Protein chains: 2
Amino acid sequence: MKEGPIKSSIRPLINYFNNLIPLNDKEQDSVFTYFVPRLYRKRQYILQEGDTCAQFNFIVSGCLRMYKIDEKGNTHVIYFATENWWMIDLGSFYSKKPSELNIEAMEDTMVLQISYDNLTTLYMQAPKFNRIFRVLIENSYVALQKRLLQNISSTAEERYLAFIETYPHLINRLPQLQIASFLGITPEFLSRLRSKLSKQNP
Amino acid sequence: MKEGPIKSSIRPLINYFNNLIPLNDKEQDSVFTYFVPRLYRKRQYILQEGDTCAQFNFIVSGCLRMYKIDEKGNTHVIYFATENWWMIDLGSFYSKKPSELNIEAMEDTMVLQISYDNLTTLYMQAPKFNRIFRVLIENSYVALQKRLLQNISSTAEERYLAFIETYPHLINRLPQLQIASFLGITPEFLSRLRSKLSKQNP
DNA sequence: ACTAGATCAATACTAATTCTTGATATTATT
DNA sequence: AATAATATCAAGAATTAGTATTGATCTAGT
């Protein structure tokens, strides 16, 4: 018997959880119950500045970016997320206050979403998820801290090289414009960096 | 790279209402209170099949289309709406049942939205809006009936000519693909119609 | 004064979308 | 049965949107 398209889109999440901490059948059922799949199209907002972030998102396929628009109207990419990553404005989600951030689909993207209330229910029904989400957020925290450190301590060139190391799969998947915005430099400068580097290592 | 913030321009809606039936200050205040601006980007869904239509939408700028996907996977445009028009799946909105229709942005589109509950409150606070919304829906009804009649009684060529008459501002604003889908013909056939017509009136 | 980087404007390149055309089929009408 | 209206499929052509590069010039911090 083959699973319907919706059920099968939950598989990657079950696998992800099992990989962190194995789930029993009842726990897997809870995942099926509380996470709902949703497709976003390229350029579509998952979260828009001013709205409250109401969902925890797990990415099944595609790519999202979280960014902030500053007073001058410039955008700064906070992070990209692809398959098997999470995307959420935690601050807004827990405080239930309007977000200052935007989340947008870079490609058509399938996510699995759980609402605040359902997440709370999930924690009560299956306390193991407290552990799972703790671990998962710790992972994100570490990545974030690494990125901060990287950012305050390196030149643009170093940051770009580190980006290539850390996210080789993103280099050809994202426009350089976006990568520049992630690195905190202008697209022009990134272009120059790249041409300089390719002259050095032909 | 700039992606400006959402400007809250409720003015066009106030003007629209005043044009139908003049509002007093208190009534204008209610409009400011209950309608909230929201920006949709090109290709973004305002309503997706299966979701419940939770908002009455007034279009400040841009263009939306409502369409249905049939069993064969073909899409049929029910209508387009631009500046100063309304867009909603009334059936889903009032029944609170999942919609079979889709609403999608053809361009970046700014809308003013009011939810079911807020609309109810508005009606109670300012009964004049009952009259306003009655008139407004009557207008839409008339347009719809005209379109139906057009559709069952004319050839594709006649429908196309009528479209040009009725929506001259849409002809160059929308891809022919979409116009074909509105007229209920294939884009290829529309293309042939057009070239035939332009040979007749050079 | 030098380096890392920004800004602005022009141009080049690439990919996505849209439009047209030809060949051939289907369906409804007379 | 013949004809007009319209669909389908496939291939190219044309257009537009999005992205990348380059040159010239500017600025802030060592």
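Since the model is a prediction, treat every value here as computed from it, not as a measurement. Lettering of chains follows the sequences in order, A, B, ..., and the numbering in each one begins at 1.
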Item to check | Rounded distance in Å - CG (B/Asp108) to P (D/dA17) | outcome: 12 Å
Checklist entry - Distance under 6.0 Å and angle within 45° of the ring axis: does A/Arg173 meet both against A/Tyr167? => result no
Item to check | Integer-rounded Å distance: C/dA15 C1' and A/Gln176 CD | outcome: 15 Å
Item to check | Contact residues, residues 183-195 of chain B to DNA chain D [heavy atom, < 4.0 Å] | outcome: B/Gly184, B/Ile185, B/Thr186, B/Glu188, B/Phe189, B/Arg192
Checklist entry - Is there a side-chain contact between A/Tyr94 and A/Tyr116, using heavy atoms and a 4.5 Å cut-off? => result yes
Item to check | Protein-nucleotide distance (B/Arg43, atom CZ; D/dA17, atom P), rounded to Å | outcome: 10 Å
Item to check | Between C/dT17 (P) and B/Glu104 (CD): distance, integer Å | outcome: 12 Å
Item to check | B/Asn172 CG to C/dT18 C1', straight-line distance once rounded to whole Å | outcome: 14 Å
Item to check | Interatomic distance where CZ belongs to B/Arg41 and P belongs to D/dA17 [whole Å] | outcome: 15 Å
Next on the checklist: Could you check whether any side-chain heavy atom of B/Gln28 comes within less than 4.5 Å of a side-chain heavy atom of B/Asn18, counting everything from C-beta outward?
Outcome noted: yes
Checklist entry - Rounded to the nearest 0.5 Å, how far does CD of B/Glu49 lie from CG of B/Asn102? => result 5.5 Å
Checklist entry - Between B/Phe163 and B/Phe182, does the ring centroid distance fall short of 6.0 Å? => result yes
Next on the checklist: Quick check on A/Gln145: does its CD atom have over 12 non-hydrogen neighbours (other residues, nucleotides or ligands) under 6.0 Å away?
Outcome noted: no
Checklist entry - Roughly how many Å is it from CG in A/Leu197 to P in D/dT21, rounded to a whole number? => result 12 Å
Item to check | A/Glu157 or A/Lys42, whichever maps to the more 5' nucleotide of DNA chain C | outcome: A/Glu157
Item to check | Between C/dT18 (P) and B/Met106 (CE): distance, integer Å | outcome: 8 Å
Checklist entry - Do the rings of B/Phe133 and B/Phe35 sit parallel, tilted or perpendicular, given the 30° and 60° boundaries? => result parallel
Checklist entry - If you find the nucleotide of DNA chain C closest to A/Arg159 and the one closest to B/Gln178, which residue's nucleotide is nearer the 5' end? => result A/Arg159
Item to check | Close side-chain approach of B/Glu158 to B/Leu161, heavy-atom, < 4.5 Å | outcome: no
Next on the checklist: Check this for me: does any side-chain nitrogen of one of B/Arg192 and B/Glu188 sit under 4.0 Å from a carboxylate oxygen of the other?
Outcome noted: no
Next on the checklist: If the helix axis at each end comes from five base pairs, how far does the helix from C/dA1-D/dT30 to C/dT30-D/dA1 deviate from straight, to 10°?
Outcome noted: 30°
